[in-house]
Amino acid sequence: YAYQMAVMGLKKRVAKDKALIVGDFNIHFDNPDDPLRTAVVSILDSVGINQNVIGPTHKGGHTLDLILTFGLNIDNIVTPEAYILIYEKM
């Protein structure tokens, strides 16, 4: 039931033709066996939202910071190593 409500809520909010969502989601998107990642990917896929970050955004080698898009094409995303080091010191 919670899954259906989340999908319905996202569908209502993604009513525009373009959206960009960025942030630290604290979900290990680099680990396909993570059940939370699997659930979030399923919800995003069901409403046509793309996750665009590939590669680590955390010094532990995980992908936690995401760029989610709807109706936008994003190319050449780079996560400089300096960003990862600065982010960890905050």
Side-chain angles (χ1 to χ4, degrees):
Y1 177 76
Y3 170 80
Q4 292 170 337
M5 294 302 291
V7 170
M8 286 175 44
L10 276 174
K11 284 184 179 179
K12 287 179 183 177
R13 286 174 178 73
V14 185
K16 302 291 180 187
D17 60 349
K18 293 180 179 35
L20 175 69
I21 304 166
V22 296
D24 178 352
F25 286 77
N26 209 22
I27 299 169
H28 291 199
F29 260 73
D30 55 290
N31 181 1
D33 297 326
D34 183 338
L36 181 56
R37 177 212 180 268
T38 302
V40 170
V41 167
S42 179
I43 292 169
L44 295 176
D45 286 347
S46 71
V47 294
I49 295 176
N50 297 310
Q51 195 293 107
N52 298 279
V53 176
I54 299 172
T57 62
H58 183 271
K59 76 175 184 180
H62 295 290
T63 306
L64 305 177
D65 302 292
L66 306 179
I67 300 174
L68 306 176
T69 58
F70 178 80
L72 298 169
N73 292 323
I74 296 181
D75 295 326
N76 301 323
I77 296 173
V78 177
T79 306
E81 187 173 327
Y83 167 76
I84 296 170
L85 296 175
I86 292 168
Y87 179 76
E88 284 303 309
K89 292 180 181 179
M90 294 176 75

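Because the structure is predicted, anything quoted here is derived from the model rather than measured.
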Peer 1: Report yes if some heavy atom in the side chain of L64 is under 4.5 Å from a heavy atom in the side chain of H28; otherwise report no.
Peer 2: yes
Peer 1: Of all residues at least two apart in sequence or in a different chain, which pass the side-chain hydrogen bond (donor to acceptor under 3.5 Å, both in side chains) check with N26?
Peer 2: none
Peer 1: Considering only heavy atoms from C-beta outward, does the side chain of N52 approach that of L72 to under 4.5 Å?
Peer 2: no
Peer 1: What distance separates D65 CG from F29 CZ, expressed to the nearest 0.5 Å?
Peer 2: 11.5 Å
Peer 1: Nearest 0.5 Å please: distance from the CD1 atom of I49 over to the CG atom of L44.
Peer 2: 5.5 Å
Peer 1: With sequence neighbours excluded, tell me which residues meet side chain to side chain contact (heavy atoms under 4.5 Å, CB included) with L36.
Peer 2: I27, D34, V40
Peer 1: Between I21 and F70, is there a side-chain heavy-atom distance shorter than 4.5 Å?
Peer 2: no
